[in-house]
Every structure is written in C-alpha cells, then in structure tokens.
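This report refers to the structure that appears directly beneath it.
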There are 2 protein chains.
Amino acid sequence: MKTERLNVIREVLTRTPVASQDELRRKLRRRGIHVTQATLSRDMHELRLSKGPSGYALPNGNGVVMVAAAEDDAPPSLAEMLESLGLRVRRAMNQVVVRTAMGGAQPVAAALDREGWAEMVGTIAGDDTVLVICADPKSAGEVESRIRAMLGA
Amino acid sequence: MKTERLNVIREVLTRTPVASQDELRRKLRRRGIHVTQATLSRDMHELRLSKGPSGYALPNGNGVVMVAAAEDDAPPSLAEMLESLGLRVRRAMNQVVVRTAMGGAQPVAAALDREGWAEMVGTIAGDDTVLVICADPKSAGEVESRIRAMLGA
DNA sequence: ATAAAGCTTGCATACTTATTCAGGTCCGTT
DNA sequence: AACGGACCTGAATAAGTATGCAAGCTTTAT
C-alpha cells in the first residue's frame, strides 16, 4: 500500500541520512517494501522532500501540518492527523509511543486528547514523539491497535 | 572570477526561482557570466544549496552574508553529546531517565533517536530531562548501562 | 627565471532523478 | 458481465547533476 510506504519513508528519513533514491530503495527493501526508483521519485515529489548536501530532508514541520490543516475548518480528526503525520506505533507495558513526522507530535497528542478514550490516562508530546500513558498493559494494547488501524488505513 | 560568480548566483536565487543548473546557466549568461553546467554543479555544492519542489534554495533562510559561518554540519555523536551535556541516569521499570544540563535534553534525545537502538521504543525530551521508553525492564537496564558507560568515560 | 604546487574550468561521461508509456487493479455504473 | 475511469506501478528513457581528467593560470619556493 502506498500510504504505508510513504510513512515508512518519512520514518527512514528521520532516522538515517539518505543520499539517493536508490539508497532509499535498498533500505526499504530490507523492511520488506520492494519498489523501483521510479516509484520513489514520485513519492519524493508527493512528500515535497528537498535534497541538500546532507541528503534528503522532510519539509519543515509546520509545512506538513499546514497541508493537513488547510483543507477543513474544523479541527482535523485523529484519523486524518495520523494519516498525514503518523509514522509508527509501539507499545511497552502500559505505555504507547507514537512516532510522527518532525513537529507532528503536539497536534497528534492534542487530537488524541480530544478523542477522550477512557483507556488513556494522559499524553505527553515532544517534537516527533507522543507518549501515551494508559491505565494498564491491556488498555495500552487496545489503544495501540486502535491507532495502528488508523495508520494502516 | 569565482567569488563574484558565487555572489551573483546567491542574488539570482533570492530573486527568481531556479529549477535546474542549466536554467541558472542561461540566467547568468544574460548577466555576462558564461560558465558550463559542470562549474555550476561545483558552485552549488560549495554554496551548500538544497533543491526542493520549488527549485534551488540557499541554506539557513536566505542570508547573502553568512556563508562562511556554517561549517560543522554533521550532528554530534551520542557519546560527544553525553560527554558534554549528560549528568546522570536512572531507571524505573521499563523507563530510563537521563538528566542533562539545562537545555540539553532535546539534543540528547535526538542523538539517542539517531542511534536507533532496538530496545528503545521512543524518547521524549523536556528542558533538562530525557525520558526513554524501553520495551521492558530488561531492555531498560541494557540501555541504562550503555548510556552510563558513555557518561563514565 | 624555472619549477612545483594549487586553483579553477571545460569536456566527456558516469551517475541520479523525472517522465513517458503501457499495462494492472479497484470501484462504481450500465 | 462488461465498460469506463481513477490510481498505482514498472520498464525504458529523457532530463538533470556530479566527477575524472587534462589544460591553463596564479602563487610560492628554489
């Protein structure tokens, strides 16, 4: 699925420097995603990446946010938020960690708060990471899969 | 002369969008500067330009002045980071808390993220405290001692 | 002055990225 | 079921960028 691939690309770029599309292609292949350079070129364009001396870079945080927010007037739904900013979810005991595009953590946390799920005790957001504290491991698992579903969409 | 040409390039870029080196070559020619694409490629590298969806862009906003300033571009290693900013580490269940000098939490967290250790689920940074979420208590112990080793150095 | 070393550049060419074209797939309609 | 349209993708290739090499210039040392 394309959306999933774009998310993985965002994540790879935030974690490791990528000098060329072919290098990115190889890194994606190791994660089980197999596409050609042509497809990546299109993805790069869609993500509005820029290529500088230190490799590819994601557009500035607020840019990403604006793209998602400019459409509607109502506050964006959590699903929309995750669709455009979410990268991956992991769970550890009673906590869920959501990685987002740079600058995406605050809005995602706000959207999660707005959701008001009973299992969530609270959220904390940095620049690109949201920490969700749940009542217990079971609740965390529930929250994790709910978020994962929205990402996978 | 090369220096003069670099200045003109900076000026042209701030005034008009440039999509390719060949386009830039034509624009320079109209100003009496005649060089080949190969030379421009070298100039672009020297100016540390980046190419995005809207053409070439100067680094750091768009200053025509401070070009010699940016030298050390590579992000410092985690070890260097901890050496200068780290204070102490403590663990609690599956979490590791790293205290840093004031203002040091963000960069330390970023360096930890870059490290990409599998045991780490995510990090969140405040002003002087980094919270590292690990998969479980055992992983946290592993991460703790690794960080402690870098500190102790 | 001559030699050696260091820059800067053009040419040709290797390498990287964008695009065209030709299928596929998935839906909704007829 | 067949059709039509909107996407998505790979293969091939065009377009764009980087680089090895050699030539010409300038500076420094002999």
Side-chain angles (χ1 to χ4, degrees), chain A residues 1-59 63 67-68 71 79-80 82-84 86-87 149-153, chain B residues 1-59 67-68 70-71 73-74:
Chain A
M1 173 59 90
K2 182 179 170 187
T3 309
E4 164 65 9
R5 185 180 64 241
L6 294 185
N7 282 332
V8 175
I9 289 175
R10 275 194 281 256
E11 182 185 345
V12 168
L13 289 180
T14 58
R15 286 185 178 284
T16 72
V18 175
S20 75
Q21 295 178 1
D22 219 59
E23 177 182 330
L24 177 59
R25 187 179 57 74
R26 289 190 294 275
K27 287 184 174 174
L28 290 179
R29 196 178 45 192
R30 271 185 248 117
R31 290 171 173 244
I33 297 180
H34 183 253
V35 287
T36 62
Q37 171 270 322
T39 297
L40 290 184
S41 172
R42 296 177 184 115
D43 288 351
M44 309 293 246
H45 183 76
E46 189 165 337
L47 290 172
R48 308 184 72 74
L49 301 183
S50 63
K51 183 181 185 179
S54 47
Y56 283 95
L58 293 162
V67 171
E71 294 301 327
E80 291 170 341
L82 288 170
E83 177 73 19
S84 68
L87 293 179
M150 294 186 184
L151 273 181
Chain B
M1 173 56 80
K2 182 179 169 187
T3 310
E4 165 65 12
R5 184 180 65 242
L6 295 186
N7 282 330
V8 175
I9 290 175
R10 279 193 280 260
E11 184 185 338
V12 168
L13 287 180
T14 59
R15 293 187 187 293
T16 72
V18 174
S20 75
Q21 295 178 2
D22 218 59
E23 178 182 329
L24 176 60
R25 187 180 57 75
R26 289 189 294 275
K27 287 185 174 173
L28 289 179
R29 196 178 47 192
R30 270 184 247 120
R31 288 171 172 242
I33 298 179
H34 182 250
V35 287
T36 61
Q37 170 269 322
T39 297
L40 291 183
S41 171
R42 295 178 184 114
D43 288 352
M44 309 294 244
H45 183 77
E46 190 165 335
L47 290 172
R48 309 181 75 74
L49 301 183
S50 62
K51 183 179 185 180
S54 47
Y56 283 96
L58 294 161
V67 172
E71 201 49 32
D73 202 1

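Note that the coordinates shown come from a computational prediction; the quantities given were computed from them, not determined experimentally. Naming convention: chains lettered A, B, ... in sequence-line order (proteins, then strands); numbering from 1 in each chain.
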### Query
On a plain distance test, is the side chain of A:Arg42 in donor-acceptor contact with the base of C:dT20 below 3.5 Å?
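Yes, the side chain and the base share a sub-3.5 Å donor-acceptor pair.
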
### Message
Between the base of D:dA15 and the side chain of B:Gln21, is there a donor and acceptor pair under 3.5 angstrom?
### Response
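Answer is no: no donor-acceptor pair is held.
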
### Query
Is any side-chain heavy atom of B:Thr39 less than 4.5 Å from a side-chain heavy atom of B:Arg42?
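A side-chain contact exists here, since the closest heavy-atom pair is under 4.5 Å.
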
### Task
Taking the side chain as every heavy atom from C-beta outward, state whether B:Arg10 and B:Thr14 have any pair of such atoms under 4.5 Å apart.
no

### Shortest non-hydrogen contact between A:Lys2 and A:Glu46, atoms and distance
NZ-OE1, 2.8 Å

### Task
Taking all non-hydrogen atoms of both residues into account, name the closest pair between B:Ser50 and A:Gly52 and its distance.
CB-CA, 3.5 Å

Please determine whether a side-chain nitrogen or oxygen atom of [X] lies at a distance below 4.0 Å from atom OP1 or OP2 of [N].
{"X": "B:Lys51", "N": "D:dT17", "result": "yes"}
{"X": "A:Ser41", "N": "C:dT17", "result": "no"}
{"X": "A:Arg5", "N": "D:dC8", "result": "no"}
{"X": "A:Thr39", "N": "D:dT9", "result": "no"}
{"X": "B:Tyr56", "N": "D:dT17", "result": "yes"}

To the nearest angstrom, how far is [X] atom [atom1] from [N] atom [atom2]?
{"X": "B:Leu6", "N": "C:dT8", "atom1": "CG", "atom2": "P", "value": "9 Å"}
{"X": "B:His45", "N": "C:dC7", "atom1": "NE2", "atom2": "C1'", "value": "16 Å"}
{"X": "B:Glu23", "N": "D:dA15", "atom1": "CD", "atom2": "C1'", "value": "14 Å"}
{"X": "B:Glu4", "N": "C:dT9", "atom1": "CD", "atom2": "P", "value": "12 Å"}
{"X": "B:Met44", "N": "D:dT19", "atom1": "CE", "atom2": "P", "value": "14 Å"}
{"X": "B:Asp43", "N": "C:dG10", "atom1": "CG", "atom2": "P", "value": "10 Å"}
{"X": "B:Glu46", "N": "D:dA18", "atom1": "CD", "atom2": "P", "value": "13 Å"}
{"X": "B:Gln37", "N": "C:dC11", "atom1": "CD", "atom2": "P", "value": "12 Å"}

### Query
Where each residue is assigned the nucleotide of DNA chain D containing its nearest heavy atom, which of B:Ala19 and A:Val35 is assigned the position nearer the 5′ end?
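Here A:Val35 is the residue nearer the 5' end.
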
### Message
Side chain of B:Thr36 only, heavy atoms from C-beta on: which candidate in C:dC11, D:dA18, C:dT9 is closest?
### Response
C:dC11

### Query
Between B:Lys2 and B:Ala38, which has a closest nucleotide on DNA chain C that is more 5'?
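So the residue in question is B:Lys2.
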
### Test applied, side chain to side chain donor-acceptor pair (under 3.5 Å); reference residue, A:Glu23; option that passes from A:Arg26, A:Gln21, A:Lys27
A:Lys27

